[in-house]
Amino acid sequence: MFGKNAKNCSPHLYAYLKKMKKIGKKIVYIDPVKTATAGLADKFIRINPGADGLLAAALLEEIVPGQGYKIEGIFDKTGLSSEDFDYLRGSLKSGKTAFIQGFGLQRYSNGANIVNWINKLAVYTNNEQLLYYGKSSQENLNKPEIAKKNRVNIADITHKMGEGFFDIYVVVGANPVITYPEPLLQIKEFGNKNLICVDTNYTETSRYADYFIKSAGMFAQDDFSESYFFNVKGERRAVNSGALSDVQIACSIGEILQTDVSLKKKSKTEPVKFRKYIKRDLKLKEPHVEKDKFRLLTVSHYFYLNSQLADKYRDIDNYVFISGKNADELNVSNGDLIRVYNETGEFLSYCKISNMVENKTILVYKNRKLVKGWPNMVSKSMPTDSKTGLAYYDTFVNVERLDG
């Protein structure tokens, strides 16, 4: 498993892994953070953030010469010991290996490249059909036939907001003020333009809304995503509410704005085809590093995972987790108030010394209401190399202890 904290983020997968372990399967967990999932693994290997692609390319070159890269200083760049590297190489050579990837891999500026190299490693070690990934919840829906005009990349949204590019804002089932980068720019613009929020509950974003429409959420819909371990997707009727779903409300708003955003179901559900790897020239991208600063990782917690209710859990693990070595260098102790900041913004929180992180990496659970601000206060609108996501894990900050 690369960066897949199953215990926190995929309880169904975690139960499956426990079953696999009971029948003698070996679990190797590779992650820069020593999460709760590490306790289940036969071997936990800590890797430097964003270096998974380097590791995959180096392993592939050892196993299938000419298909990977011989990387100078591979152990320093990945953070692995020679023993860990040999262990992985031996494991891949000894039998079938399932590759499970976490979505966190895609939150680096080289995220797509990381995934591509892990995919290639799986294919060239004859494990292509044991490569597991997340399915789209919209795979059986036709996309709206809308002519694309004034298209904005996800990494440019907040900057376009500041430039007055949009006339109105409609936020459906999301809470960008505590999840999206550069929230102060959003808040300022929400005060200048009409904001419509559609959600199951009030959020930090809806407090700035001109109109709030309550939805019944996923329980008013008959489609939902299933596990990526299965190739059959059936039609389920899960509706148990007479109220409107967020999708129905969004479509109604679209009609008023003379924009059809409805999703039409395919007339026939097609079985998912087995993948076929397309061979192509694959370059190697090294992770982005700023040596004089701390890397901030903002991750999920199973208590709240993707919850929009930040205030409800304000007293559960709302700390900045830091290694003992880095705490000593900063002269901070457990419970000290610290400031995390960069040119984008800042937040204040209490410190907790932990072995979850090391090597100038700090961790904060995302969406948490801290002593001051939220974790996304310091996030920048940086695109990943896929151009479809944001490089949240390439946020670099300064850290200092505050007195009082």
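- Of the possible polar contacts, one joining the Asn48 side chain to the Lys77 backbone as a donor-acceptor pair under 3.5 Å is found.
- In this structure, the side chains of Trp374 and Arg368 stay at 4.5 Å or more apart for every pair of heavy atoms.
- In the displayed structure, Lys325 atom NZ is contacted under 6.0 Å by at most 12 heavy atoms of other residues, nucleotides or ligands.
- Closest heavy-atom contact between Ala58 and Ile74: CB-CD1, 3.8 Å.
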Would you please test Thr37 and Lys4 for side chain to side chain donor-acceptor pair (under 3.5 Å) and show each step? CA-CA 8 Å; Thr37 302; Lys4 184 72 173 181; over 6 Å; no
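- Of all heavy-atom pairs between Asn110 and Lys285, the closest is ND2-O, 3.2 Å.
- Two residues are said to be in side-chain contact when any heavy atoms from C-beta on lie closer than 4.5 Å; Asp31 and Met1 fail this criterion.
- Between Asn113 and Lys283 the shortest heavy-atom distance is ND2-O, 2.9 Å.
- Looking only at distances, no side-chain donor or acceptor of Gln67 sits under 3.5 Å from a matching main-chain atom of Tyr124.
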Begin with the C-alpha distance, continue with both residues' side-chain angles, and end with the deciding distance and a verdict on side chain to side chain donor-acceptor pair (under 3.5 Å) for Glu189 and Tyr169. CA-CA 10 Å; Glu189 181 63 5; Tyr169 297 97; 3.0 Å; yes
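- Lys188 meets the side chain to side chain contact (heavy atoms under 4.5 Å, CB included) test with Asn192; sequence neighbours excluded.
- For Ile23, the CD1 atom is densely surrounded, since the number of other residues' heavy atoms within 6.0 Å is greater than 12.
- For Asp42, the side chain to side chain contact (heavy atoms under 4.5 Å, CB included) partners at least two apart in sequence or on another chain are Lys21, Lys26, Ile27.
- Closest non-hydrogen pair, Ser354 versus Met356, comes out as OG-N, 3.0 Å.
- Put simply, the side chain of Val177 does not reach to within 4.5 Å of the side chain of Arg207, judged on heavy atoms.
- The shortest side-chain heavy-atom distance between Val28 and Tyr87 falls under the 4.5 Å cut-off.
- Atom CD1 of residue Ile71 and atom OG1 of residue Thr78 lie 8.0 Å apart, to the nearest 0.5 angstrom.
- Judged purely by distance below 3.5 Å, without hydrogens or angles, the side chains of Ser379 and Asn376 never pair a donor atom with an acceptor atom.
- The shortest side-chain heavy-atom distance between Ile322 and Leu330 falls under the 4.5 Å cut-off.
- If you look at Phe44 and Tyr29, their ring centroids are closer than 6.0 Å.
- Note on Glu358 versus Lys34: no salt bridge recorded, every NZ/NE/NH1/NH2 to OD/OE distance being 4.0 Å or above.
- For the pair Pro375 and Leu370, the minimum side-chain heavy-atom distance is below 4.5 Å.
- Heavy atoms from other residues, nucleotides or ligands lying under 6.0 Å from CZ of Phe165 number more than 12.
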Apply the test ring pair (Phe, Tyr, Trp, His ring centres under 6.0 Å) to residues Tyr69 and Trp117: give CA-CA distance (whole Å), side-chain angles for both, the deciding distance (0.1 Å), then the verdict. CA-CA 11 Å; Tyr69 279 94; Trp117 272 107; 5.7 Å; yes
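- Contact check for Val171 versus Pro176: side-chain heavy atoms found under the 4.5 Å cut-off.
- In this structure, Lys293 fails the cation-pi test against Phe396, since its NZ or CZ atom is not both closer than 6.0 Å to the six-membered ring centre and inside 45 degrees of the ring normal.
- By the ring-ring contact (aromatic ring centres under 6.0 Å, His included) test, Phe347 is found to be paired with no residue, residues two or more places apart in sequence or in another chain being considered.
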Determine, stepwise, if the pair Val247 / Cys251 fulfils side-chain contact (heavy atoms from CB on, under 4.5 Å). CA-CA 6 Å; Val247 173; Cys251 290; 4.3 Å; yes
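- For Arg339 and Tyr341, the positive end sits near the middle of the six-membered ring, less than 6.0 Å away and at most 45° from its axis.
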Audit row: Ser300, Lys366, side chain to side chain donor-acceptor pair (under 3.5 Å) steps and yes/no: CA-CA 6 Å; Ser300 298; Lys366 66 181 184 181; 3.3 Å; yes
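- Of the residues Asn201, Asp199, Thr205, the one that meets the side-chain hydrogen bond (donor to acceptor under 3.5 Å, both in side chains) test with Asn175 is Thr205.
- Taking all atoms of both residues into account, the shortest heavy-atom contact from Arg401 to Asp336 is CD-OD2, 3.3 Å.
- Inter-residue side-chain proximity for Thr361 and Tyr393 is flagged as unmet; no heavy-atom pair is nearer than 4.5 Å.
- Here Lys43 pairs with Asp84 in a salt bridge; the nearest charged N to carboxylate O distance falls below 4.0 Å.
- Taking both residues in full, the closest heavy atoms of Leu130 and Thr97 are given as CB-O, 3.6 Å, listed atom of the first, atom of the second, then distance.
- Within 6.0 Å of NZ in Lys93 there are more than 12 heavy atoms belonging to other residues, nucleotides or ligands.
- For the pair Lys193 and Phe166, the cation does not sit on the ring face, since its NZ or CZ is not both under 6.0 Å from the ring centre and inside 45° of the axis.
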